[in-house]
Amino acid sequence: MAKATGCTPRALRHYEEHGLIASARAANGYREYDDAVVTRVRNIRHLIDAGLTLDDVRVFLPCLDGDVASAPPSAAGLRVGRERLAVLDARIAAQVAVRDRLAAALQAATPPPPPPPSPPSRVR
């Protein structure tokens with residue numbers, strides 16, 4: 001499954017722990033996944049790559065087995081996307097404020113450069 005989806009086995013276990021995918025156990029203890037899980041995992045990756053969290057992805061559970069990228073958006077999906085965008089905007093604003101404070105502190109702590117040397121005077 002990891003090879004078919006491009007995900008690590010650890011990521012697959014993580015998705016399983018969050019209830020996004022399911023597996024059965026083979027006699028040797030290995031996980032066995034239904035073929036439909038490939039589509040589901042690709043859709044989960046698509047949503048995560050778009051900036052959503054696994055908790056956000058739960059809203060999309062009813063449509064994870066289809067083509068999430070080209071399906072018409074649901075009201076719930078749009079709401080989750082807008083909420084996540086607001087969270088990201090707030091984080092970016094906070095990081096910009098931290099960066100500005102650091103830049104100001106560095107500027108205040110840096111002595112001004114010495115003035116350029118005066119050109120030599122000409123004696124006549």
Handout entry: G66 backbone acceptor or donor facing N43 side chain under 3.5 Å
Key = yes

Fill in the blank from the handout: Taken to the nearest 0.5 Å, the spacing of I44 CD1 from H18 NE2 works out to 11.0 Å

Practice task
Please name all residues satisfying ring-ring contact (aromatic ring centres under 6.0 Å, His included) with H46, sequence neighbours left out, ordered by chain then number.
Solution key: none

Handout entry: Side-chain donor/acceptor of R31 to backbone N/O of A26, under 3.5 Å
Key = no

Fill in the blank from the handout: D65 and A36 have their tightest heavy-atom pair at OD1-O, 4.3 Å

Practice task
To the nearest 0.5 angstrom, please state how far the CZ atom of F60 sits from the CG atom of L47.
Solution key: 5.5 Å

Exercise for the section: Check whether any side-chain heavy atom of R42 sits under 4.5 Å from a side-chain heavy atom of V38, and report yes or no. Expected result: yes

Handout entry: CG (D35) with more than 12 external heavy atoms under 6.0 Å
Key = no

Handout entry: Check ion pair E17-R13 (N to O, under 4.0 angstrom)
Key = no

Problem - L20 backbone acceptor or donor facing R40 side chain under 3.5 Å - result: yes

Exercise for the section: Verify side-chain contact (heavy atoms from CB on, under 4.5 Å) between M1 and V37, making sure each step is shown before the conclusion. Expected result: CA-CA 8 Å; M1 183 58 58; V37 173; 4.0 Å; yes

Handout entry: Under the side chain to side chain donor-acceptor pair (under 3.5 Å) test, residues paired with D56 that sit two or more places apart
Key = T53, R84

Exercise for the section: For C63 and V68, work out which heavy atoms get closest and say how close. Expected result: O-CG2, 3.3 Å

Handout entry: Single-linkage hydrophobic cluster, 4.5 Å side-chain cutoff, I48 and L61 together
Key = yes

Exercise for the section: Identify the two heavy atoms, one from C7 and one from A2, that lie closest to each other, and give their separation to 0.1 Å. Expected result: O-CB, 3.0 Å

Problem - Spacing of T8 atom OG1 and K3 atom NZ [to the nearest 0.5 Å] - result: 14.5 Å

Handout entry: Shortest non-hydrogen contact between A76 and V59, atoms and distance
Key = CB-CG1, 3.7 Å

Fill in the blank from the handout: What one should report as the nearest heavy-atom pair of A22 and Y33 is O-CD2, 3.4 Å

Problem - Donor + acceptor pair across side chains of R10, Y15 (<3.5 Å) - result: no

Handout entry: Interatomic distance, R58 atom CZ to L64 atom CG [nearest 0.5 angstrom]
Key = 11.0 Å

